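Here the structure is laid out as structure tokens; the discussion comes afterwards.
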Amino acid sequence: AGMIEFVPAYTSVLVEFRRTTPCPWDGSTKGPCFGHEIDHRLPLKCGGADHISNLQYLTVQEHREKTKREAKWCRRSATLPPTALPAQPD
């Protein structure tokens, strides 16, 4: 089984993301976001940046599934194929 890497919730990048990105569940910009987790679009272990532009909210289930896919891709190569990344908002 692959190990899931969690980023501490107190990092300044996550604080800024929460402050500027409303929770999809209730629109809040503080505290936990019920049923959602913050995800790195391109995982850190695959070369992604720990930057606000590389973060997104996913449901817990979406995050779990994406993490499993990424573990396989990251083992095969240093980065994910472009088709593996979620669409970027305009």
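The first residue of the sequence shown is numbered 1, and numbering continues consecutively from there. Keep in mind it's a predicted model, so treat the numbers as computed, not measured.
- Side-chain contact between L44 and D50 is present, with at least one heavy-atom pair separated by less than 4.5 Å.
- Expressed to the nearest 0.5 Å, how far NE2 of H40 lies from CZ of F17 amounts to 10.0 Å.
- Annotation: the span from L42 atom CG to S53 atom OG amounts to 10.5 Å, rounded to 0.5 Å.
- The CG atom of L58 sits 10.5 Å away from the SG atom of C33 when rounded to the nearest 0.5 Å.
- A distance of 6.5 Å separates OH of Y57 from OG1 of T21, quoted to the nearest 0.5 Å.
- Interatomic distance, E37 CD to H63 NE2, rounded to the nearest 0.5 Å: 5.5 Å.
- Atom CD in E65 sits 7.0 Å away from atom CZ in R69 (nearest 0.5 Å).
- K45 has its side chain within reach of P43: a pair of non-hydrogen atoms, C-beta onward, lies under 4.5 Å apart.
- Residues D39 and K66 form a side-chain contact, since some pair of their non-hydrogen atoms from C-beta on lies under 4.5 Å apart.
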